[in-house]
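Read through the structure below, which is laid out as structure tokens, and then see the notes.
All ligand and atom numbering here is 1-based and tracks the order in the structure. Predicted, not measured: the structure shown is a model, and the values here were computed from it.
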Amino acid sequence: MLSDNPSTKKNISKTLGKFALIHIGNDEVYGLEFVAAEIAASGHEFQWFDGEAADVIDSIIAYNANVVCFSPLTTFFPPSVILARKIKTRAPQMRMVFGGAHITASADHIQTDGIDIAVTGPVYGTIDQILTLPDKSVIQGTPVMPDKMTPRRREYFETIPRIGGRHRKTIMSHFGCVYACAYCATHNQRRVIGPKNYQQFYLTRRPIDHLIDEARILLEFKTKEVCLEDDDALEGFEAEAWMHEFVPRWNKEIGIPVYANVTPKTVTHVSDSHLKNFSELVHYVTMGVQAARPSSLKLFNRQFQKEEQIKEAYNRLKAFGIRVKMELIIGLPVEDPIGDAIDTIKCAQRIGAGDFGVAFPLMLYPGTALHKWCKDNNIPMNEECRFEWYSGVGSIKFEDPQIEKQIHNLSKLASMFIKYNIDERWMRALIKVDIPEEASKLMSQNCYLEALVARQGEAAKESFEEVLTNMNFRF
Ligand code: SF4
């Protein structure tokens with residue numbers, strides 16, 4: 001029998017807990033919305049706080065929280081810890097709880113000054129333990145079936161207007177991926193809960209009614225597009241039947257434009273009817289191309305991928321009227337990182353020159369297989385990496401500063417190189433120039449704007465300034 005949500009089964013603690021949920025960053029922290037729902041289901045109360053607001057600590061103290069919850073992406077882990085320490089200094093009785101993928105990646109995080117409790121895996125079954133277990137406990141959550149997982153969104157959007165007002169919102173129909181790329185956190189999720197549980201709990205889709213109800217809330221806030229953040233929107237258990245039912249419901253009852261992520265291999269093996277149905281929902285996808293050289297694909301555990309396969313996937317998507325953004329990874333720990341990066345960009349040019357593509361430097365999250373491989377092979381890691389996509393700064397430290405600079409420049413210029421099909425000689429010359437900070441910022445903003453135009457059309461140009469105002473654009 002499948003597990004029920006533990007919070008609905010167990011005796012709820014008699015003490016009412018007050019949980020402060022901390023938002024940090026430009027995009028909604030989707031995972032914390034599930035935490036909010038679980039807190040409420042466990043009979044406690046919660047309130048959202050903007051972790052970047054000047055008066056956030058005063059506000060949390062005024063709320064008199066028992067527990068302060070953080071679920072930071074790797075990028076926001078350092079500022080989250082700093083904030084937790086500051087809160088702790090002023091209110092030592094408050095308990096700082098950290099969860100999410102970054103924390104799940106390593107039990108060692110519990111040793112970090114400022115973290116009282118670490119939650120690994122899902123939040124389910126942990127709320128009362130958070131209130132009662134001693135400091136420095138690591139609590140492992142219990143996976144539940146997706147029909148027991150529902151986020152609480154409205155309070156978040158109401159309390160933090162810069163998130164409620166964001167043009168883009170997120171939705172997930174399932175939480176796993178069938179692939180096992182060496183740089184991806186799914187590898188660790190699978191390890192933590194075991195492959196069988198992963199299959200059962202992470203690859204089953206959520207009920208359509210739940211997603212539609214969840215999306216109705218998005219209609220009440222400024223939402224121009226929804227990212228179906230499934231790791232691969234076409235994959236998963238009974239994906240075709242699920243989508244066949246989901247697409248007409250979404251189009252009729254919600255109607256907000258949707259974009260999604262896909263993997264070339266999946267695109268080549270789904271049926272025409274599945275893809276047709278998908279194209280009635282999604283007009284724009286991000287397709288991970290990642291690398292071109294076989295040795296680099298092997299390093300990424302994507303050795304199954306061939307250029308012909310990517311081309312076939314690209315052509316199929318186009319044939320169904322779906323626009324494609326190609327995503328590439330450069331700055332790999334290989335002998336010739338510049339040659340490797342240029343080969344990857346040339347591959348994207350052969351597949352879809354004139355189209356939109358981006359290249360990000362390799363960012364390695366703790367707990368991933370490639371992170372471990374780098375450690376085992378004494379690959380120097382770059383302390384400057386802040387896991388900011390548009391920064392051009394990745395995880396690998398190159399001893400030669402020229403290589404570092406050229407990888408940085410390539411990540412800034414790759415979209416232009418692909419769009420205008422720039423010849424290799426010009427690429428190699430242009431990546432040697434010094435890019436001043438203002439130009440670097442504008443290049444990254446152009447890249448972001450092109451992504452918005454590709455998804456939303458020319459109108460995105462008119463609202464771009466407003467989009468930038470609602471976010472702290474990091475480049
Ligand atoms: S396809 Fe995407 S989500 Fe799946 S393992 Fe690879 S990087 Fe992760």
Close-contact set for ligand 1 against Thr263 heavy atoms, below 4.0 Å: 1 (S)
Modelled atom types, side-chain donor and acceptor of Ser415 and Glu450, under 3.5 Å: no
Cys184 backbone or side-chain N/O/S under 2.8 Å from atom 8 (Fe) of ligand 1: yes
Nearest-neighbour protein heavy atom for atom 4 (Fe) of ligand 1, which is reported as residue plus atom name and distance: Cys177 SG, 2.2 Å
Basic-acidic side-chain contact under 4.0 Å: Lys276, Asp272: no
Charged tip of Lys265 within 45° of Phe304 ring normal and under 6.0 Å: yes
Ring-face cation contact, Tyr259 with Lys325, 6.0 Å cut, 45° max: no
Over all atoms of both residues, closest heavy-atom pair of Ile418 and Ala348: CD1-CB, 3.8 Å
Those atoms of ligand 1 less than 4.0 Å from some heavy atom in Tyr183: 7 (S)
Atoms of ligand 1, numbered as shown, that sit under 4.0 Å from any heavy atom of Thr186: 5 (S), 8 (Fe)
Contact check: Cys181 to atom 4 (Fe) of ligand 1, N/O/S below 2.8 Å: no
Atom 3 (S) of ligand 1: the protein heavy-atom neighbour that sits closest, reported with distance to 0.1 Å: Asp231 CB, 3.2 Å
Any Asp232 heavy atom less than 4.0 Å from ligand 1: no
Flag, side chain of Glu28 to backbone of Ile163, donor-acceptor distance under 3.5 Å: no
